Amino acid sequence: MKNTVYINKKAIEVESGTTILQAAAQAGIKIPTLCHLEGQIPKGACRVCMVDVEGAKNMVASCTTPVNDGMKITTNSREVREARKFVLELLLSEHCGDCKTCVRNDDCELQQLAIEMGVMEIAYPGEKLITRIDESTPALVRDSGKCIKCRRCLTVCNEVQGIGALAAQGRGFDSVIGPAFDNALEGVQCVQCGQCAAVCPVGAITEKEHIDYVWEAIEDPSKFVVVQTAPAIRAALGECFDYEPGTLVTGKMVSALRLIGFDRIFDTNFAADLTIMEEGTELLTRLKTALVDKKQVALPMFTSCSPGWIKYAEYFYPEFLNNISTCKSPQQMFGAVAKTYMAKKEKIDPKNIVVVSVMPCTAKKFEAGRDEMNASGYQDVDYVLTTRELARMIKQTGIDFKALDDDKMDSPLGQSSGAADIFANTGGVMEAAVRTAYELVTGKELPLKNLHIKEVTGLEGVKKASLKIEGCLPEWSFLEGVELKVGVAHGLGNARKIIEAVRAGETFHFIEIMTCPGGCIGGGGQPRFTTDEVRQKRIEAIYKEDEGKTIRKSHMNPEIVQIYEEFLKKPLGSISHSLLHTHYHERN
Amino acid sequence: MANETETVVKHCQCSEVSEAELYERLTTIVRSQRTVPGALIPVLQTAQNLFGYLPENALRIISKELKIPYSEVAGVVGFYSYFSTVPKGKYTIRVCLGTACYVRGGQDVLRALQNELNINIGGTTPDRKFSLEVGRCFGACGLAPVVMVGDQTFQRVKPAKVGEILKSFE
Ligand code: SF4
Ligand code: SF4
Ligand code: SF4
Ligand code: FES
Ligand code: FES
């Protein structure tokens, strides 16, 4: 049913059940919000979104109030502006932080609202919040003094990720949003995904910065500093320099990295292609063990690229740890080959090599520090920067990003196929693996339009597809006629759904899980603010990058062919085994 | 935490039950409540009755067995002042800091007690005899400042006299 409502005297038609906030957005009228989070049940906690409704006793929170037919709404009267300003002044009066030195200084929503509403002074000097800094985990820093208790982090952690590491603790003024008893985050089951940091409007949860360590390494003449950039960076970094979401800035990014002073600019995408070689072979080997040797083997196989998902399984689904591919993630494979294969090629002592990654992800900081990740004899990846940190570094150098020319990645770890690009998107790892596995088994290209498995693309939470394998080469004849059943989930709440389906007996052979909604393009380290619209644009940009490449399958990447010829010999071989594979352990 | 728990057991005179047995009992109770909606608060009550307070381990068991995130369990525990995560002493001392008591030196009495017992607000003496808390107006403002020890009320308390009061609980 349609309702007609009047917003600032302008009539608009909306579906009944629409909230005032949504109706205003449809009419192109912006109402400020703080606690509201797209796609989640509105909490009505902050009252910044108040509007005046004719006939109502008090102003109402527009995020929680549905429209009525004929409703007359005013969003910008003096009263409304004053009321919002008052709320903001209250928040600022207890806020304990200094904008000049705050990492959110360039994208803080509280500061932005204060500017928009013309808050010039804090008229209500009150009790200040107490600043306690929680640096207990490898990826995140929490600052209690800056928390405005909007609860967005709690909503994401509970409702999107289904984890519940954060909750309201205590009562009244002293209440805080945080881990159990407001103790260290390390003491609860947090997967370090950083989705909380991605939605926090202020500087109360942020990534643990590695910027200074990276500068130090670059300035140390004895160090050979190489950088790798994850597939998702190139479709998002531009947003930090005022480009529209979904603008690809691959070439400018390489130029910027060179100006920053890295000795080599390489690509995590190369390692993504490497992952496909190993993981695709692992899948086929598992299927062979099950179908030909009739031996017990853990199926379905789950992907292993997403460290938040790994930690999640270690906490909540230890019985599935054998189902997770033993492949390290592309970030870690890169580190391991950089300090061995590349070290040899460049004749550099691996002890002097510093590997820096640029990741869309905070959990990658945790992953880099895992005890298992030192197959090269050294910590495989030394420092991890988020997309936001890289943008900050670029700004620190004074580089005019928009004016940069395009540059190219270096060899021998810089080339990649289109299959590697799509690792950034939910469904992408699955599609990349199937492109290669199908061709390996049948000798023919995956017979799908544009090489895309349409059913597993897009933002649906749990996606499934089945694919009939036909025309197998003699070696793989046992797969003839097999319906390969694949599943994809993104966001850990959705991961839980698909795992419970497996538990309940649904058949899958291969399941891709990415920790963050939308996949890596929606990672906890990406530019703020990531809405579904932004996710969609980044996803499209990534597919465009893939389709624009002449080589779109991992096994066709010449540098991949080369590394197997010169160094690794064959997928799942003994060198691969020691450098590129790992194991997992239960946590509690 | 582990140390505190040991102390509890050592000083517990009411029964011979070992700590391990208490945890076993708790686990059995929690498991039986697994499918009951809204089981958390009754289970927390049971646990507090078993241990005299809510040790971290008990809360971890409850979180695991009821499949409620530990942070959420902690949030509920923190919300109700009825629940305590530190062992309580035999006598709870409550110092009134309501307006009348405050202006007549309640704060000084509190400080004297803190010094005498060497514990903070919310704390318990190592021998588990006294716990220290503050309250707001016990309804005896005319005789401020007021202190309660267990169910006994002391009025017009002077900081210098708190030692004597404590002694009377030998
Ligand atoms: S969180 Fe925002 S308002 Fe607070 S100090 Fe940082 S920039 Fe300023
Ligand atoms: S990092 Fe992820 S799991 Fe940890 S508190 Fe934040 S949202 Fe929750
Ligand atoms: S940490 Fe950030 S997101 Fe969480 S409640 Fe505080 S201000 Fe809101
Ligand atoms: S955005 Fe509506 S109450 Fe916070
Ligand atoms: S203020 Fe202390 S008893 Fe009333």
Side-chain angles (χ1 to χ4, degrees), chain A residues 134 136-137 140 142 144 147 149 151 153-193 195-196 205 311-312 314-319 492-493 496 499-500 503 586-588, chain B residues 1-5 23 26-27 30-31 34-35 37-41 43-44 47-48 51 53-88 97-98 102 120-124 133-136:
Chain A
D134 174 6
S136 63
T137 61
L140 297 168
R142 298 172 49 248
S144 61
C147 175
K149 298 174 195 172
R151 296 175 174 242
C153 55
L154 183 161
T155 305
V156 157
C157 189
N158 285 268
E159 281 155 47
V160 178
Q161 301 296 58
I163 291 172
L166 305 170
Q169 310 291 334
R171 274 188 296 180
F173 180 82
D174 295 324
S175 80
V176 293
I177 308 300
F181 299 113
D182 197 28
N183 287 337
L185 188 58
E186 182 62 23
V188 298
Q189 294 167 319
C190 158
V191 306
Q192 300 278 281
C193 66
Q195 283 301 313
C196 50
I205 310 184
K311 201 170 186 234
Y312 177 81
E314 289 178 327
Y315 279 133
F316 301 105
Y317 289 102
E319 82 259 35
L492 293 172
R496 170 157 285 164
I499 297 171
E500 291 301 338
R503 261 191 178 163
E586 183 172 356
R587 292 171 195 267
N588 48 34
Chain B
M1 216 56 183
N3 281 340
E4 278 170 357
T5 326
Y23 279 113
L26 176 69
T27 311
V30 185
R31 287 206 176 134
R34 239 183 203 162
T35 52
L40 180 59
I41 290 189
V43 163
L44 287 170
Q48 180 149 305
F51 293 90
Y53 72 110
L54 292 168
E56 177 174 342
N57 269 341
L59 295 177
R60 298 258 180 204
I61 290 173
I62 292 170
S63 148
K64 192 163 175 227
E65 296 296 336
L66 293 183
K67 289 201 188 325
I68 299 176
Y70 181 56
S71 296
E72 196 179 321
V73 173
V76 171
V77 170
F79 191 81
Y80 296 99
S81 50
Y82 169 80
F83 293 122
S84 168
T85 51
V86 285
K88 280 266 180 283
L97 290 184
Y102 189 87
N120 275 324
I121 300 168
T124 298
E133 284 173 10
V134 296
R136 302 227 182 258

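Just so you know, these numbers use all the heavy atoms, side chains as well, and skip hydrogens, waters and symmetry mates. Here is the naming used below: chain letters follow the sequence lines, and residue numbers restart at 1 for every chain. None of these values were measured; they are calculated from a predicted model.
Rounded to the nearest 0.5 Å, atoms OG (B:S71) and CD1 (A:I177) are 11.0 Å apart.
Contact of B:I68 with chain A is not made at all, since no heavy-atom distance falls under 4.5 Å. Contact annotation for A:I163: only backbone heavy atoms (N, CA, C, O) come within less than 4.5 Å of a heavy atom of chain B.
The closest side-chain heavy-atom distance from B:E72 to A:N158 is below 4.5 Å.
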